[in-house]
Amino acid sequence: VMGTDAWYKPIKFALSIGIYSWTMAWLMADLETTNSVLVYSWIIVLMLGFEIIYIGLQAGRGELSHFNQSSALYANLYVAMALAATAVTLVTAAVGLQFFNGSFPHLPTHYLWAIRLGILIFVIFSLEGFVMGSRMSHTIGAADGGTGWPFLNWSKKYGDPRVAHFVGMHALQVLPLVSFYLLKSTRWTIVFAACYLLIAIYVLLQALQGRPLIRG
């Protein structure tokens with residue numbers, strides 16, 4: 001599909017969804033609002049289940065799942081995927097609010113702040129997906145397609161907002177892990193989160209200027 005192995009996209013999404021789902025299950029285990037956790041879990045399962053099934057079906061048919069405007073059906077299904085992703089982002093934000101507002105005396109303070117800031121950065125850069133959606137493209141400076149990085153397929157010649165999308169959203173895992181195992185300090189956790197956010201912003205601005213992360 002557009003010069004790329006059709007199965008790369010569903011594999012990447014399956015890995016991403018798996019890591020995200022495992023992370024949210026881990027984090028929500030610390031929430032005391034059992035009913036909310038059940039609702040959040042079902043929203044995540046249904047919305048992301050729809051996305052990966054549709055992406056897989058389109059890959060099997062050799063058709064685009066994202067930015068596909070070739071028919072009214074495909075255009076509407078693409079909109080449905082955008083709504084599903086937005087719903088998951090809002091659920092994640094709701095979980096984040098509970099970590100900001102709740103009391104978690106059993107959690108180390110630095111780890112709690114890593115969770116809060118990781119979720120915050122995740123939400124910001126999940127919504128950054130609208131940068132690509134509004135352009136109906138994930139390449140800035142040229143049309144989509146062609147050879148990119150192995151597997152990830154990020155452009156080697158032009159701007160690619162998927163880089164910032166990837167970096168920002170994985171704050172959800174990186175910040176808690178680094179804080180808990182390495183930093184063990186609230187101050188340094190906040191400093192690390194600020195630096196991480198600046199890196200994500202930088203690679204986004206780089207992409208918007210039409211420049212690749214590393215020119216190949």
Side-chain angles (χ1 to χ4, degrees), residues 12-48 51 82 84-132 152 154 160-208 213:
K12 288 188 294 183
F13 268 79
L15 289 172
S16 179
I17 287 171
I19 293 170
Y20 167 81
S21 300
W22 185 91
T23 304
M24 291 304 291
W26 178 273
L27 297 180
M28 289 193 295
D30 288 309
L31 298 181
E32 295 180 353
T33 52
T34 307
N35 290 336
S36 295
V37 170
L38 183 62
V39 172
Y40 297 157
S41 299
W42 273 110
I43 291 174
I44 290 170
V45 168
L46 292 174
M47 296 299 100
L48 295 183
E51 283 214 350
T86 302
V88 171
T89 301
L90 294 177
V91 164
T92 310
V95 172
L97 284 176
Q98 294 205 35
F99 276 105
F100 271 102
N101 296 329
S103 176
F104 302 89
H106 60 291
L107 296 179
T109 304
H110 60 273
Y111 179 63
L112 179 58
W113 272 102
I115 292 172
R116 291 167 173 170
L117 297 175
I119 290 176
L120 178 62
I121 296 172
F122 171 93
V123 169
I124 292 170
F125 282 89
S126 178
L127 295 174
E128 182 249 328
F130 284 108
V131 171
M132 293 172 276
L152 294 172
W154 296 338
D160 198 326
R162 290 177 297 180
V163 180
H165 200 52
F166 177 92
V167 172
M169 290 177 68
H170 282 291
L172 192 67
Q173 292 84 31
V174 173
L175 265 62
L177 288 172
V178 170
S179 176
F180 188 84
Y181 288 107
L182 297 177
L183 301 176
K184 303 181 185 299
S185 160
T186 302
R187 176 184 298 175
W188 285 111
T189 293
I190 294 173
V191 169
F192 179 76
C195 293
Y196 193 95
L197 176 61
L198 289 175
I199 291 170
I201 291 172
Y202 171 77
V203 295
L204 174 59
L205 293 175
Q206 184 182 42
L208 292 175
L213 179 64

Quiz item: Do Leu48 and Ser21 come close enough that some side-chain heavy atom pair is under 4.5 Å?
Solution: yes
Quiz item: What heavy-atom pair brings Met24 and Val95 nearest, and what distance separates the two atoms?
Solution: CE-CG2, 3.8 Å
Quiz item: With a 4.5 Å heavy-atom cut-off, do His106 and Asp30 have their side chains touching?
Solution: yes
Practice problem: Please examine the side chains of Phe100 and Ile119, heavy atoms only from C-beta on, and report whether any two atoms are closer than 4.5 Å. | Solution: no
Quiz item: Where does the angle between the aromatic ring planes of Tyr196 and Phe192 fall among parallel (under 30°), tilted (30 to 60°) and perpendicular (over 60°)?
Solution: tilted
Quiz item: Does a side-chain heavy-atom distance below 4.5 Å link Thr86 with Phe130?
Solution: yes
Self-check item: Atom pair CG (Asn101) and CZ (Arg116), whose distance is rounded to the nearest 0.5 Å
Solution: 8.5 Å
Practice problem: Flag the pair Leu213 / Asp160 as yes when at least one side-chain heavy-atom distance between them is below 4.5 Å, and no otherwise. | Solution: no
Quiz item: side-chain contact (heavy atoms from CB on, under 4.5 Å) between Leu172 and Leu27: does it pass, once the steps are laid out?
Solution: CA-CA 10 Å; Leu172 192 67; Leu27 297 180; 4.1 Å; yes
Quiz item: Minimum heavy-atom separation for Leu107 to Leu112, with atom names?
Solution: CD1-CD1, 4.2 Å
Self-check item: Residue pair Phe104 / Ile115, side-chain heavy-atom distance below 4.5 Å
Solution: no
Quiz item: More than 12 heavy atoms of other residues, nucleotides or ligands under 6.0 Å from CZ of Phe180: is that the case?
Solution: no
Practice problem: Measure the spacing between CD1 of Ile201 and CG of Leu208 and express it to the nearest 0.5 Å. | Solution: 11.5 Å
Quiz prompt | Nearest atoms (heavy-atom pairs only) where Leu204 meets Glu128 | solution = CD1-OE2, 3.5 Å
Quiz item: Should Leu183 and His110 count as side-chain neighbours, where that means a heavy-atom distance under 4.5 Å?
Solution: no
Quiz item: What are the two closest heavy atoms between Pro161 and Met132, and how far apart are they?
Solution: CB-CG, 3.8 Å
Practice problem: Using the six-membered ring wherever Trp is involved, compare the ring planes of Phe122 and Tyr20 and label them parallel, tilted or perpendicular (cut-offs 30° and 60°). | Solution: parallel
Self-check item: Close side-chain approach of Leu31 and Phe99, heavy atoms under 4.5 Å
Solution: yes
Quiz item: Which heavy atom of Ala114 sits nearest a heavy atom of Leu175, and at what distance?
Solution: CB-O, 3.5 Å
Quiz item: Given Gln98 and Tyr40, is the side-chain contact (heavy atoms from CB on, under 4.5 Å) satisfied, shown in steps?
Solution: CA-CA 12 Å; Gln98 294 205 35; Tyr40 297 157; 2.9 Å; yes
Exercise. Considering non-hydrogen atoms only, spot the tightest contact between Phe125 and Ala164 and give its length.
Key: CD2-O, 3.5 Å
